Amino acid sequence: MDGEEDTGEEAVLHRQQRKEKKDLQAKIQSMKNAVPKNDKKRRKQLTEDITRMESEMEEKHKQELQLLSQNQVKTEDEGIVNGVNSLDLGSELPVQQQRISKAQKRREKKAVLEKERDERIAEAEIENLSGARHLEGQKLAGILGERELQIKQIPSDGHCMYRAIEHQLRERDNGFSLANLRSQTADYMQIHVDEFLPFLTNSSTGEMYSQEEFEKYCTDIANTASWGGQLELRALSHVLKTPIEVIQADSPPIIIGEEYSSKPITLIYMRHAYGLGEHYNSVEPLKVTSSDS
């Protein structure tokens, strides 16, 4: 009877695992459909994600089969222990068996938690592919593709706007560093206070910045990872005597510093790039790769 029961448990587990594989393949197909074939960077990331998801499921299924095998051995051992106990040969074996049972419960609980985590990850990946971040990325890829450009990813560390400009200048053999850009932005704003102070307000009171608040604002620009925006871009266009073009997914490009005639610096403004929201990236020439097989 034990053998028949074990065979039944194996059949149930195999049916469950086949269903999970089928569900995973459906999710993978949905993910593939959501990524354009000409988006090489996202296709590469998608391939890596699919490989990881399939590997994790294969490992999980392997652990489940091992767990079932251990349970079957455990059941057989319990029968032996019970038989020995009926002969009243001592109490040490039941205590040992109880310890094995607790360890087994911990393993089973861990397996359940891991399964739930894998399901949440897969669902989140599909949601991201159909969510605002993915749609924004698709629109930007189309806009840049027409210019034979692509997004150059910049770290999201508070310096993103300055790092994006630094990247553009480096491509032009201009020696401005991140620190230079920040300090010169702060200096220009402090010298031309009347151009910038009226646009800064205290978020708590709604009042225009005092002179002291404005000085602190400029000090933070120079010495911290404070986020940069349109005011800082205006200052930088004057410092560099260069137009700065900001491309967005859902609005026409904005050009700051149109009075200058040199080739514009081009930045990408993304509203949904990261969990914290707004982010600047740079651009680079579009890299042509062979099409997917």
Side-chain angles (χ1 to χ4, degrees), residues 39 41-42 131-189 192 195-201 203 217-218 220-222 224-287:
D39 192 339
K41 190 165 189 176
R42 292 190 63 80
R133 182 175 68 182
H134 176 64
L135 295 176
E136 181 181 48
Q138 282 187 313
K139 290 179 182 179
L140 288 169
I143 293 170
L144 294 176
E146 294 177 356
R147 303 187 184 196
E148 297 186 348
L149 296 172
Q150 66 184 25
I151 293 175
K152 166 65 176 178
Q153 297 292 339
I154 299 296
S156 178
D157 58 1
H159 298 294
C160 61
M161 188 193 78
Y162 300 96
R163 289 194 191 280
I165 292 176
E166 180 187 29
H167 168 258
Q168 295 273 301
L169 294 175
R170 191 162 55 243
E171 295 298 306
R172 305 180 186 190
D173 295 324
N174 189 309
F176 276 96
S177 66
L178 171 66
N180 292 149
L181 292 170
R182 278 192 169 276
S183 64
Q184 293 205 38
T185 299
D187 290 345
Y188 186 91
M189 291 178 71
H192 301 85
E195 294 182 24
F196 299 97
L197 181 57
F199 298 98
L200 291 167
T201 57
S203 59
Y217 184 89
C218 293
D220 288 344
I221 290 174
T224 74
S226 63
W227 196 83
Q230 193 159 339
L231 293 180
E232 288 79 8
L233 286 175
R234 165 58 66 182
L236 279 166
S237 72
H238 291 309
V239 168
L240 301 171
K241 300 189 183 310
T242 302
I244 299 175
E245 179 187 28
V246 181
I247 295 177
Q248 306 174 74
D250 297 313
S251 304
I254 297 171
I255 299 181
I256 300 168
E258 289 183 277
E259 61 268 38
Y260 299 110
S261 59
S262 56
K263 180 182 176 182
I265 289 170
T266 301
L267 305 183
I268 303 299
Y269 176 70
M270 305 185 73
R271 298 180 184 277
H272 308 288
Y274 296 96
L276 294 177
E278 301 167 346
H279 177 68
Y280 283 96
N281 278 315
S282 185
V283 297
E284 62 185 1
L286 182 65
K287 297 176 182 176

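Since the model is a prediction, treat every value here as computed from it, not as a measurement.
- When all heavy atoms of D157 and A225 are compared, the pair lying nearest together is O-CB, 3.6 Å.
- Here the CD1-CD1 distance, from I244 to I165, works out to 4.0 Å after rounding to the nearest 0.5 Å.
- The shortest non-hydrogen separation linking P243 to S262 is CD-O, 3.3 Å.
- Qualifying salt bridge (Lys or Arg N to Asp or Glu O under 4.0 Å) partners for R147, counting only residues two or more places apart in sequence or in other chains: E245.
- Between L240 and L169, the closest side-chain pair of non-hydrogen atoms falls below 4.5 Å.
- To the nearest 0.5 angstrom, I265 atom CD1 is 12.0 Å from Y260 atom OH.
- Among M270, H167, K152, the single residue meeting the side-chain contact (heavy atoms from CB on, under 4.5 Å) criterion with N281 is M270.
- For the atom pair CD1 (I256) and CG (L233), the distance works out to 4.5 Å, reported to the nearest 0.5 Å.
- Using a 4.5 Å heavy-atom threshold, the side chains of M189 and Y217 count as touching.
- Once rounded to the nearest 0.5 Å, the distance linking CG of L181 with CE of M161 reads 8.5 Å.
- Shown here are the salt bridge (Lys or Arg N to Asp or Glu O under 4.0 Å) partners of E232, two or more places apart in sequence or in another chain: there are none.
- Summarising the geometry, atom CG belonging to L236 is positioned 9.0 Å from atom CZ belonging to F176; distances are rounded to the nearest 0.5 Å.
- Checked against the 6.0 Å centroid threshold, H192 and Y188 count as a close aromatic pair.
- Taking the six-membered ring for Trp and thresholds of 30 and 60 degrees, Y280 and Y269 have ring planes inclined between 30 and 60 degrees apart.
- In plain terms, the two heavy atoms of K263 and T242 that are nearest each other are O-CG2, 3.3 Å.
- The minimum heavy-atom distance between S282 and A164, with the atom names listed, is OG-O, 3.6 Å.
- Taking 4.5 Å as the limit, every side-chain heavy atom of L286 sits out of range of all side-chain heavy atoms of L144.
- Considering all non-hydrogen atoms of both residues, E166 and L178 come closest at OE2-N, 3.3 Å.
- A salt bridge between D250 and R271 is absent, with no side-chain N of the basic residue lying under 4.0 Å from a carboxylate O of the acidic one.
- Counting all heavy atoms, side chain and backbone alike, G257 lies closest to S237 at CA-OG, 3.9 Å.
- By the 4.5 Å heavy-atom criterion applied to side chains, V283 and Q168 are counted as neighbours.
- Atom CD of E195 sits in a crowded spot, with more than 12 heavy atoms from other residues, nucleotides or ligands closer than 6.0 Å.
- The backbone N or O of I154 sits less than 3.5 Å from a side-chain atom of H279, completing a donor-acceptor pair.
- Between I221 atom CD1 and L231 atom CG the span is 8.0 Å, to the nearest 0.5 Å.
- Shown here are the salt bridge (Lys or Arg N to Asp or Glu O under 4.0 Å) partners of E259, two or more places apart in sequence or in another chain: R234.
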